[in-house]
Amino acid sequence: KQWYQRRVAITAGGWRWTLGLSCVPSTIMFIFMIFMPKSVRWLYFQGEIEEAKRILKELRGTDDVELEMEEIAEDYRKTKDDKLLGGKGCSLLLNMLRNTAVRRALLLGVM
């Protein structure tokens with residue numbers, strides 16, 4: 001057994017320590033998430049294209065982000081067209097789930 005497992009096993013209320021220690025990483029992650037920039041795709045989909053460009057330039061460290069912005073624009077157009085055709089913007093997900101290999105991998109991942 002690991003030293004931690006032995007220590008918790010002999011401590012009364014050891015489950016409290018286990019539960020308490022598991023909260024530490026999630027708390028640290030929550031604090032750092034506050035400082036993360038918004039998603040570039042989300043900003044683009046909300047119509048804040050210049051803000052999306054600014055953040056993408058900041059993340060990439062270069063001013064040459066036009067190709068990536070064009071890819072995001074194309075994705076936006078496909079999603080918008082799908083919604084206009086009566087879909088809910090999830091045709092890509094449905095197409096993935098129609099693939100047997102993807103379904104098997106998803107099932108194994110969930111189990």
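Along the sequence shown, the residues carry numbers beginning at 1.
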Open item on the list: Taking ring-ring contact (aromatic ring centres under 6.0 Å, His included) as the cut-off, I'd like each qualifying pair that reaches into residues 56-81, sequence neighbours left out, listed once.
Closed with: Tyr44-Tyr76, Phe45-Tyr76

TODO: Can you tell me which residue pairs pass the ring-ring contact (aromatic ring centres under 6.0 Å, His included) test with a partner in residues 56-75, sequence neighbours excluded?
DONE: none

Task: Pairs meeting criterion salt bridge (Lys or Arg N to Asp or Glu O under 4.0 Å) with involvement of residues 28-42, two or more places apart - done: Arg41-Asp75

Residues in side-chain contact (heavy atoms from CB on, under 4.5 Å) contact with [X], at least two apart in sequence or another chain:
X	result
Ile28	Val24, Phe32
Leu107	Met111
Met33	Met29, Met36

TODO: Output every pair passing side-chain hydrogen bond (donor to acceptor under 3.5 Å, both in side chains) with a member in residues 100-111, not counting sequence neighbours, ordered by first then second residue.
DONE: none

Open item on the list: Ile49 vs Leu43, test: side chain to side chain contact (heavy atoms under 4.5 Å, CB included). Steps then yes/no.
Closed with: CA-CA 7 Å; Ile49 298 168; Leu43 286 169; over 6 Å; no

Sequence neighbours left out, cut at 3.5 Å: what donor-acceptor pairs do the side chains of residues 66-74 make with other protein atoms?
residue : atom : partner : partner atom : Å
Glu68   : OE1  : Arg60   : NE           : 3.1
Glu68   : OE2  : Arg60   : NH2          : 2.7
Glu74   : OE1  : Arg77   : NH2          : 3.1

Contact summary for [X] and [Y], nearest pair of heavy atoms:
X	Y	result
Ser22	Pro25	O-CD, 3.4 Å
Ser26	Cys23	OG-O, 3.0 Å
Ala101	Asn99	N-OD1, 3.0 Å

TODO: Check whether any side-chain heavy atom of Leu59 sits under 4.5 Å from a side-chain heavy atom of Val65, and report yes or no.
DONE: no

Task: side chain to side chain donor-acceptor pair (under 3.5 Å) involving Glu51 - partner list, sequence neighbours excluded - done: Arg54

